[in-house]
Structure formats: structure tokens, C-alpha cells
Undergrad: 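Take this structure, written in C-alpha cells, and hold onto it; I'll ask about it next.
The shown structure was predicted, so the numbers you read here are calculated from the model rather than taken from an experiment. Numbering of residues begins at 1 and proceeds along the displayed sequence.
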Amino acid sequence: MLQNDKIKCFIELGKFLNQFSESDCQKIDTVLHNDLFFDDFKDLILLSQSHNGWFTPENVYFAIQSWANALTENNLNQWLSAYDLSKKNPKTVAIILAGNIPLVGFHDFLSVLISGHKVVVKTSSNDQKLLPFLANYLIAVAPQLSEYITFSEGKLENFDAVIATGSNNTARYFEFYFKDKPSIIRKSRNSVAILNGKETREDLVNLGEDIFRYFGLGCRNVSKLFVPKDYDFDAFFKAIFEYKEAIFYEKYANNYDYNKAVFLMSNFKLLDNEFLTLKEDTSHASPISSVFYERYENLSDIQTRLETEKDQIQCIVSNNLIEKSIAFGQTQQPNLWDYADNVDTIQFLLAV
């Protein structure tokens, strides 16, 4: 199957996904195979929460729209222009997916196929429906893709390389089990934000998006704040009040009540607005419904520390306070060329 044909398939998928948003699902006559897939996908979105309680329609729609925005001809061409994909001996690449947020493994799936390989997918038990549905859509667009896509429910066998995502504990298992295969093994990471007290209300509202999107379950969600020594959190709390609806979701509320109780029983000092707790802590990984914070005196010290701890960090958010930081509100909308863990997946796949 030619490279350009695969690109066209994903462009068609982007057009299909672009019909679905939380505000309106609008069926467009020019989109391929709507008669077979539109209604079923709309139903699947609404049923996703029954498969995974964290996959609310709002968050599933957000993930779908993020991929619809990414899968355009311009984006795909810009992404792939950096690589020579013309000469490739197709291999079989296994991908083991996480299930913390909707379609979290789609970029690996896309990368394997677009680089000319066959993919064997091991989905997470927490996200078993969405990606297979989209794979079936792609196969409807180009039946030849059926030879390139396999979903495995049992033991992974007969593959040449692997991309596996999991926790720090599962990563140790992956590293041992796949020690004889070319691999990308992804571990737990967190994202941080650096504030200097000069942020606008809009900045802080957007920071709330980085914190609360997907209930904070993604590695790109901000779980830690670095603030000046004399920082007053009043403006922060006023801005993120727009996200108070989170507490009305039972699973989030249960986590809020539990984690707050654990902190209080341990006599930790907390800042609290009744739907988010802030705890002063040197760790980057905070539990659901809580964000850790740390005060600093010199910004250069924070930059040095984050460079030292870069293997624990996925994204850094700020108003250009340090190099390569992301604007507020953008963590969950990466470009195709924004690779997880800063590991170039396509370059890896070309070397397999």
C-alpha cells in the first residue's frame, strides 16, 4: 500500500471525526461511509462512560475533536516532511496501550501505520472500544489496511519491535520481557506549571484546563505548580472556579473526599476550595483532585532542577518563563510532532 494512500486514509478519518462535537453532531454528506459508521460512533461515544467511568461524553468528544484537528492534510504533510519514508522493509510492531484517557494510544497506532509497518495492538481493558472502531473505519476506506492492522486479546507473538506504555512498575516488566526487541518503553510522567504572579485571569483559567481536562488522569495534565516565594493563590482559586462542575461527578468527588481525608489525617497543611486541594510537596505526581505546589526564589534554580528531572516530566507550562514551555491551556492538544517523552516515534520506527 502506497504511503500517499495511507495519508489519504487518515485525512478521511479526520473528516469523519470532525462531525462529532459535544455541542453538535452534524452528519456531512461528503464524508465517506457515514451510512455505516456515523450513528454507531455517536452511540459508542455515549456508551463510553459505561465501559470506563472516567470517559464522560465531554472528555470523549474533546479527544475526538483533538484528533480531528490533527488529522488534516497540512498537519500530516508538515509532520512527515521531516522523514524519508520512501524505502522501508515492512515489519510488525506491537503496541501496548494505556487506558487512562480516551484514545491515548492513537498516536502510536498512527505512527506505526504511517511509517509503513504492520501493527499489532494490545488495548487496555479501560479503553477497548474506541480505537478498534476507528480501525474498522480506516479499513472501510482502504480494505488493504486489513492486512496491516491486528488487535490481540491474548499473548503478543510474532512481532519485530514494541512500543509499550504503562506505570513505572509495569515498565520494569516490559523492559525485562522485551529485552531482546527494539522498544520504546514509556513510564509514568507528570506535567508542571511555572507561575510568576503576573499571569492574567485568562492564563489561569486556561491553566485550569490543563489541570482538570480528563479529570487530571493524563501525563500531560498539570499536577504540580512552581510559584514565587510570596505567591498569593487567591487569583488562581478565583480563576479555576469555572471548573467547579468536576465535583458533581461522583468518581471525582469520591477521590476528592478520600485524598483530602488522607491529607488531613496526616496533619498536612492544605489550601482548599471544596473541589481541589493544594498541598505543598516536592513530588510532581499528585493524586486526583489535588495539585502539589512548591515555592521558589530563583527561576534559574527551577530550570536547572527540571532539566535534572526531565525523565519525570512530560510538559512544562508557563508564559515563556523557560525554554520549550507550552502555553496555558494547550497541554492536551499536542501537535503530531510533539512526541511523548520527547522520543521521536517515527525515527525509532524507521530504524526497526
Side-chain angles (χ1 to χ4, degrees), residues 1-42 44-45 60-88 90 93 95 97 101-119 121 123 127 129-151 163 330 332-340 344-350:
M1 188 174 181
L2 297 177
Q3 182 68 27
N4 285 340
D5 293 333
K6 290 183 181 177
I7 293 174
K8 290 177 182 176
C9 289
F10 282 101
I11 293 171
E12 293 300 330
L13 177 60
K15 293 176 181 178
F16 174 76
L17 295 177
N18 200 40
Q19 301 172 110
F20 302 90
S21 69
E22 186 180 11
S23 60
D24 183 29
C25 291
Q26 186 173 0
K27 196 172 187 178
I28 300 172
D29 292 340
T30 56
V31 172
L32 298 179
H33 304 299
N34 260 343
D35 55 331
L36 295 175
F37 289 93
F38 183 92
D39 291 335
D40 286 347
F41 193 51
K42 188 176 179 180
L44 178 58
I45 293 168
V60 176
Y61 278 122
F62 182 89
I64 289 167
Q65 271 300 304
S66 296
W67 279 111
N69 294 335
L71 295 176
T72 66
E73 183 174 6
N74 287 340
N75 285 336
L76 286 163
N77 287 336
Q78 181 177 347
W79 174 40
L80 299 174
S81 64
Y83 309 97
D84 180 7
L85 303 175
S86 60
K87 297 179 181 179
K88 190 62 205 171
V93 180
I95 59 174
L97 306 183
I101 65 176
L103 292 172
V104 67
F106 186 83
H107 194 279
D108 290 337
F109 175 81
L110 165 64
S111 297
V112 173
L113 291 175
I114 216 73
S115 61
H117 296 300
K118 297 180 179 181
V119 65
V121 185
T123 60
D127 188 9
K129 304 293 183 179
L130 292 169
L131 184 57
F133 189 98
L134 300 188
N136 286 334
Y137 181 85
L138 288 167
I139 291 169
V141 173
Q144 310 96 295
L145 280 175
S146 62
E147 301 175 8
Y148 288 81
I149 301 171
T150 304
F151 285 85
I163 302 172
Q330 297 301 306
Q332 291 296 351
Q333 299 186 67
N335 294 307
L336 292 171
W337 45 89
D338 293 329
Y339 293 106
D344 190 323
T345 313
I346 297 292
Q347 199 62 53
F348 164 78
L349 291 164
L350 293 178

Undergrad: Excluding sequence neighbours, so at least two apart, what forms side chain to side chain donor-acceptor pair (under 3.5 Å) with Trp79?
TA: Tyr339
Undergrad: Give a yes or no answer on whether the side chain of Glu73 reaches the backbone of Ile11 with a donor-acceptor pair at less than 3.5 Å.
TA: no
Undergrad: Classify the ring geometry of His33 against Phe37: parallel below 30°, tilted from 30° to 60°, perpendicular beyond 60°.
TA: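 Ring orientation of His33 relative to Phe37: perpendicular.
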Undergrad: Output yes when a side-chain donor or acceptor of Tyr61 lies under 3.5 Å from a complementary backbone atom of Ser23, and no otherwise.
TA: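 A pair under 3.5 Å: no.
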Undergrad: Anything under 30° is parallel, anything over 60° is perpendicular, the rest tilted; go ahead and classify Phe16 against Phe133.
TA: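 If you compare the ring of Phe16 with that of Phe133, the planes turn out parallel.
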Undergrad: Determine whether a donor-acceptor pair (N or O, by modelled atom type, separation under 3.5 Å) exists between the side chain of Gln65 and the backbone of Phe20.
TA: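 At least one qualifying donor-acceptor pair exists.
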Undergrad: Would the number of heavy atoms belonging to other residues, nucleotides or ligands and lying under 6.0 Å from NZ of Lys42 be above 12?
TA: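 No, not enclosed.
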Undergrad: Indicate the atoms forming the closest heavy-atom contact of Gln3 with Ile114, along with that distance.
TA: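 So the two residues come closest at NE2-O, 2.6 Å.
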Undergrad: Hey, are the side chains of Tyr148 and Leu138 touching, using non-hydrogen atoms and a 4.5 Å cut-off?
TA: no
Undergrad: Are the side chains of Leu36 and Phe41 in touch, meaning some heavy atoms are under 4.5 Å apart?
TA: no
Undergrad: Determine yes or no for a side-chain-to-main-chain donor-acceptor pair under 3.5 angstrom, with Asn75 supplying the side chain and Asn335 the backbone.
TA: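 Pair absent, no side-chain N/O of Asn75 close to backbone of Asn335.
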Undergrad: Would you say Asn34's side chain and Ile28's backbone share a donor-acceptor pair under 3.5 angstrom?
TA: yes
